[in-house]
Undergrad: 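Structure incoming, see below.
In listed order, ligands and their atoms are each counted from 1. Residue numbers run from 1 in the order of the sequence given.
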Amino acid sequence: MKLLIKGGRVVDPAAGINGENDILVEDGKISAVGNNLSVSGTAGGAETIDAAGKLVLPGLIDMHVHLREPGFEAKETIATGTRAAAMGGFTGVACMPNTNPVIDSRALVEFINSRAASEGLVNVYPIGAVTKGSKGEELAEIGDMKLAGAVGISDDGHPVMNAQLMRLAMEYAGMFGLPVISHCEDLNLVADGVMHEGYQSTVYGLKGITRAAEETMVARDIILAELTGARLHIAHISTAGSVDLVRMAKKRGLNITAEATPHHFSLTDEAVGNYDTATKVNPPLRGEEDVEAVREGLRDGTIDVIATDHAPHAVEEKDVEFNYAPFGIVGLETAVGLSFRELVEPGILTVEDLVMKMSVNPARILGLVKGTLKPGADADITIIDPDLKEKVDISRFETKGKNSPFGGWELKGLPVATIVGGRVVMRDRRLWQENDKIRNTSGG
Ligand code: DOR
Ligand code: ZN
């Protein structure tokens, strides 16, 4: 089966390409990139996608996603989460281990891999827990999980409060070449806070979460990374102080990377305004100066990655008073549109920068041989129409989670095709099943 993508603007920073090109896909791999490519002698076997006016990019990878399986299938499954990923233009997602049971052993990593192989519409890369049950008491089977295919370790959802345990985790992860992905939060400082601590939390009468809860842990983990030589990745960075700490650490040559979410670069704590539980997230939506600092961190390269922290919850779980709602925002189906609207359109990032932060850097951090369209590479491709506009319609999300504060937002710059290993899983904003149906009814 061959696939020819014609006339799009190919942006592949790893190959030094940024211009109009055709791409030929054969047997799941990129076989050629160039002008005036054609498929010869393939009667019936070739499909052509006209990409004129579109951006053709190495497949986007979201390195921070909660797929909720096993154990929380009412919130999401590998099937529904990867459908949402395909709709969002992602050819791969790394899934967090805060499931039930927690992914803390070789057998559980293997479980994720086998479910992903049978149910997943896009590539799934399991992240293993740092500690058994993510309880913060004893280390998980880090080496075994690596052998089973884990791409990193994290107790995401919880911090590793014990600094000595974090030190040991970093030493082990270093031995196995795995990044440690840190959810930076000091639980004592957070106490029972539910939103950013500041003027707005006072006005709403809600308990606040100080910036220091994040920043003290970012500082601690940077110090431990320096001590151990570990590869540290800071998840969902949210404050100006954290961005400064990472910037300083990088200046000192430390091997540290960081990610920011679309909600943290798009919204301030004012969004909580009507006690909308869809805005309740951890770390919380912060102040204007923090949002500015996150954007500047993305611009100047301090923040390497855009990741969604896609955190679906069941409708009835979020449909309660603000204090009782779980933390989390779904992100897979709005990430590209928000990145264009908030970062590309205002000139903070170029399309090339965006490809670095949504494909090249996540691949590099997780050790994946992905993030390029060079001949021989896996044919994981995302096609974006930079002019396509759509209002966010939460009722049409593929994810089971409807907890998005972006309903009704007008987004411009949207994924129109997602191709995984040469297979078209999303096209024209529809999933492959629907496309197949259309093809079968119109083509016979
Ligand atoms: O808001 C969040 N939700 N932050 C996290 O760190 C965990 C996540 C979840 O699992 O729901
Ligand atoms: Zn987290």
Undergrad: Is there a donor in the side chain of H233 and an acceptor in the side chain of D304, or the other way round, less than 3.5 Å apart?
TA: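 Their side chains do not contain a donor-acceptor pair, so the 3.5 Å distance test is not met.
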
Undergrad: Using distance alone, with no hydrogens and no angle criterion, decide if R247 and T302 have a side-chain donor and acceptor under 3.5 Å apart.
TA: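 Short answer, yes.
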
Undergrad: Going by the salt bridge (charged side-chain N to carboxylate O under 4.0 Å, His left out) test, name the single residue among E69, E317, E316 that passes it with K75.
TA: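 Result: among E69, E317, E316, E317 is the only option passing the salt bridge (charged side-chain N to carboxylate O under 4.0 Å, His left out) with K75.
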
Undergrad: Output the set of protein residues with a heavy-atom contact under 4.0 Å to ligand 1, ordered first by chain identifier and then by residue number.
TA: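 Within 4.0 Å of ligand 1, the protein residues are H66, R68, N98, D156, G157, H183, H236, V281, N282, D309, A311, H313, F327, G328.
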
Undergrad: Should the ring pair F322 and Y275 be called parallel, tilted or perpendicular, given that the plane angle runs from 0 to 90° and is split at 30 and 60?
TA: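 Rings of F322 and Y275: perpendicular, over 60°.
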
Undergrad: Classify the angle between the aromatic ring planes of F176 and Y172 as parallel (below 30°), tilted (30 to 60°) or perpendicular (above 60°).
TA: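 It falls in the parallel class, under 30°.
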
Undergrad: Taking the six-membered ring of F327 (Phe, Tyr or Trp), confirm whether the NZ or CZ of K280 is under 6.0 Å from its centre and within 45° of its axis.
TA: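 Satisfied, under 6.0 Å and within 45°.
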
Undergrad: With a cut-off of 2.8 Å, which protein N/O/S atoms are close to the Zn ion (ligand 2), if we only count those under it?
TA: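 Under 2.8 Å from the Zn ion (ligand 2) - ignoring waters, which are not counted - the protein N, O or S atoms are D156 OD1, H183 ND1, H236 NE2.
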
Undergrad: For H313 and K318, test the side chains for any donor-to-acceptor distance below 3.5 angstrom and give the result as yes or no.
TA: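 No.
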
Undergrad: Does CZ belonging to F340 count more than 12 external heavy atoms closer than 6.0 Å?
TA: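 Yes - once you tally the heavy atoms of other residues, nucleotides and ligands closer than 6.0 Å, there are more than 12.
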
Undergrad: Look at K207 together with E197 and state whether they make a salt bridge at an N to O cut-off of under 4.0 Å.
TA: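 Looking at K207 and E197, the cut-off is not met.
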
